[in-house]
*Asks:* 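After the C-alpha cells below, expect a handful of questions from me.
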Amino acid sequence: MAKGKAEDAQVILQIYDLRREPVMRAARKYVVSEFWPQNYEEFKAVITGYGTEPNAWFRQVMTYWNMVAAMVLRGAVNEQLFYETNSEPYFLWAKFGDYIAQARKDQIDPEFLSHLDKLTAKPAAKKRIKGLRDRLAARMAAAAAAKAR
C-alpha cells in the first residue's frame, strides 16, 4: 500500500472544503437525505428531469464524486487515505448503485458514473458498501414498520 503524502492530505481537505460550498451543501442535502427512490422509475424521473432542481442537485453531487473518483483512480490522491477519510461516495453508491447499469442503457451513456463505479468496485469499498446497504435496508424496514402502525 502506497503511503499517503502531505499533498494527498491537502487535496482531501480541498475536496472536503468544496463540499461546504452553499449550493453543493443544498445539493448534498437533497441527494443524501431527501431523495429515496423506491424503484428505478423514481430514480429515472430525477435523473431525466432536466431543468428541475432535483436533477441539477443529483448531477452536481454525483458528477462531483465521479470526478473525485477519477482523481483517486489516476493517483492524484492516495486511494487508501481517500477511503479512510470519505464515506459519502460509498454511501451514495450503496444507495443508487443498483440503478446505474439501467441508467447507462437509458441515457445511452456507457460512461455514466464510470469512475465512481470503478472506485466502489475495489474490495474494501465493496465490503463497506455491503455494510451500508444492510444498514439502509434495516432503516427502510424500520420506516415501513413505523408507517404501518
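Note that these values count all heavy atoms, side chains included, but never hydrogens, waters or copies made by symmetry.
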*Asks:* In Å and rounded to the nearest 0.5 Å, what is the CG to NE2 distance from Asp117 to His115?
*Replies:*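 The NE2 atom of His115 is 10.5 Å from CG of Asp117, to the nearest 0.5 Å.
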
*Asks:* Using side chain to side chain contact (heavy atoms under 4.5 Å, CB included), reason through Val61 and Glu88 one step at a time and then give a plain yes or no.
*Replies:* CA-CA 10 Å; Val61 172; Glu88 187 170 305; 4.3 Å; yes

*Asks:* How about CD on Glu111, more than 12 heavy atoms from neighbouring residues, nucleotides or ligands closer than 6.0 Å, or not?
*Replies:*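 It does not: Glu111 CD has 12 such atoms or fewer within range.
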
*Asks:* For Gln38 and Trp36, indicate whether the former's side chain and the latter's backbone hold a donor-acceptor pair under 3.5 Å.
*Replies:*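 Pair found, side chain donor or acceptor close to backbone of Trp36.
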
*Asks:* Hey, could you give me the CG/OG1 distance between Asn78 and Thr85, rounded to the nearest 0.5 Å?
*Replies:*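 The OG1 atom of Thr85 is 9.0 Å from CG of Asn78, to the nearest 0.5 Å.
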
*Asks:* Quickly, which of Phe112, Trp93, Phe43 forms a ring-ring contact (aromatic ring centres under 6.0 Å, His included) with Tyr99? Name it, please.
*Replies:*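 Output: one option passes, namely Phe43.
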
*Asks:* Would you mind checking if Lys5 and Asp8 are paired as a salt bridge, meaning a charged N to carboxylate O distance below 4.0 Å?
*Replies:*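 Between Lys5 and Asp8 there is no salt bridge, as every charged N stays at least 4.0 Å from the carboxylate O atoms.
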
*Asks:* Would a 4.5 Å heavy-atom cut-off, applied to side chains only, mark Lys122 and Glu79 as touching?
*Replies:*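 Yes, side chains in contact.
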
*Asks:* From Asn39 CG over to Lys44 NZ, what is the distance, rounded to the nearest 0.5 angstrom?
*Replies:*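 Separation between the atoms: 11.5 Å.
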
*Asks:* Please assess Asn55 against Thr48 for the test side chain to side chain contact (heavy atoms under 4.5 Å, CB included), listing each intermediate value before the final yes or no.
*Replies:* CA-CA 7 Å; Asn55 174 267; Thr48 59; 6.0 Å; no

*Asks:* Can Gln60 and Glu21 be said to form a side chain to side chain contact (heavy atoms under 4.5 Å, CB included), step by step?
*Replies:* CA-CA 12 Å; Gln60 182 170 4; Glu21 184 275 329; 4.2 Å; yes

*Asks:* Measuring from Lys105:NZ to Ile100:CD1, what's the distance to the nearest 0.5 Å?
*Replies:*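 Between Lys105 NZ and Ile100 CD1, I get 13.0 Å after rounding to 0.5 Å.
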
*Asks:* Does Arg19 make a cation-pi contact with Tyr64, if we ask for NZ or CZ under 6.0 Å from the ring centre and within 45° of the axis?
*Replies:*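 No, Arg19 does not lie over the aromatic ring of Tyr64.
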
*Asks:* How long is the gap from CD1 on Ile47 to CD on Glu42, to the nearest 0.5 Å?
*Replies:*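 The CD atom of Glu42 is 13.0 Å from CD1 of Ile47, to the nearest 0.5 Å.
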
*Asks:* Grab the two heavy atoms, one from Ala69 and one from Leu119, that are nearest each other, plus how far apart they are.
*Replies:*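 Closest approach of Ala69 to Leu119, heavy atoms only: CB-CD2, 3.8 Å.
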
*Asks:* For a quick test of reading the model, state the closest non-hydrogen atom pair linking Ser87 to Arg128 and the distance between them.
*Replies:*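 Scanning both residues, the minimum pair turns out to be CA-NH1, 3.9 Å.
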
*Asks:* Determine, using the 4.5 Å side-chain heavy-atom cutoff (strictly less than), whether Leu13 and Met24 are members of one ILVMFWY cluster.
*Replies:*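 Shared cluster, no.
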
*Asks:* Keeping the roles fixed (side chain from Asn86, backbone from Phe82), state whether a donor-acceptor pair exists under 3.5 Å.
*Replies:*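 Yes, the answer is positive, given that a donor and an acceptor are paired below the 3.5 Å cut-off.
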
*Asks:* Taking Tyr83 for its side chain and Ala124 for its backbone only, find out whether a donor-acceptor pair lies under 3.5 Å.
*Replies:*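 Yes; at least one donor-acceptor contact below 3.5 Å.
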
*Asks:* Go through Asp134 and Arg139 one step at a time and tell me if the salt bridge (charged side-chain N to carboxylate O under 4.0 Å, His left out) criterion holds.
*Replies:* CA-CA 9 Å; Asp134 291 346; Arg139 176 183 175 186; over 6 Å; no

*Asks:* Could you state the interatomic distance from CE (Met140) to CZ (Arg135), rounded to the nearest 0.5 Å?
*Replies:*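 Between atom CE of Met140 and atom CZ of Arg135 there are 14.0 Å.
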
*Asks:* Please answer whether the main-chain N or O of Gly49 pairs with a side-chain N or O of Thr52 as donor and acceptor at a distance below 3.5 Å.
*Replies:*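 Present.
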
*Asks:* Do Lys126 and Thr120 have side-chain heavy atoms sitting under 4.5 Å apart?
*Replies:*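 No; the side chains remain at least 4.5 Å from each other.
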
*Asks:* Can you check side chain to side chain contact (heavy atoms under 4.5 Å, CB included) on Lys95 and Arg133, steps first, answer last?
*Replies:* CA-CA 7 Å; Lys95 190 174 176 183; Arg133 284 186 172 150; over 6 Å; no

*Asks:* Would you name the heavy atoms of Phe96 and Pro37 that are closest together and state the gap between them?
*Replies:*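 Taking Phe96 first and Pro37 second, the nearest heavy atoms are CE2-CD, 3.8 Å.
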
*Asks:* Within the side chain of Asp109, is there an N or O that forms a donor-acceptor pair under 3.5 Å with the backbone of Arg104?
*Replies:*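 Not at all, since once roles are kept as given, no pair shorter than 3.5 Å links the two residues.
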
*Asks:* Which heavy-atom pair separates Leu113 from Thr63 by the least distance, and what is that distance?
*Replies:*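 Taking every non-hydrogen atom into account, CD2-N, 4.4 Å.
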
*Asks:* Quick one: do Tyr30 and Phe58 satisfy ring pair (Phe, Tyr, Trp, His ring centres under 6.0 Å)? Show the steps, please.
*Replies:* CA-CA 8 Å; Tyr30 171 75; Phe58 179 84; 8.4 Å; no

*Asks:* Please indicate whether Tyr16 has more than 12 foreign heavy atoms, meaning atoms of other residues, nucleotides or ligands, lying under 6.0 Å from its OH.
*Replies:*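 For Tyr16, atom OH is not crowded (no more than 12 foreign heavy atoms under 6.0 Å).
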
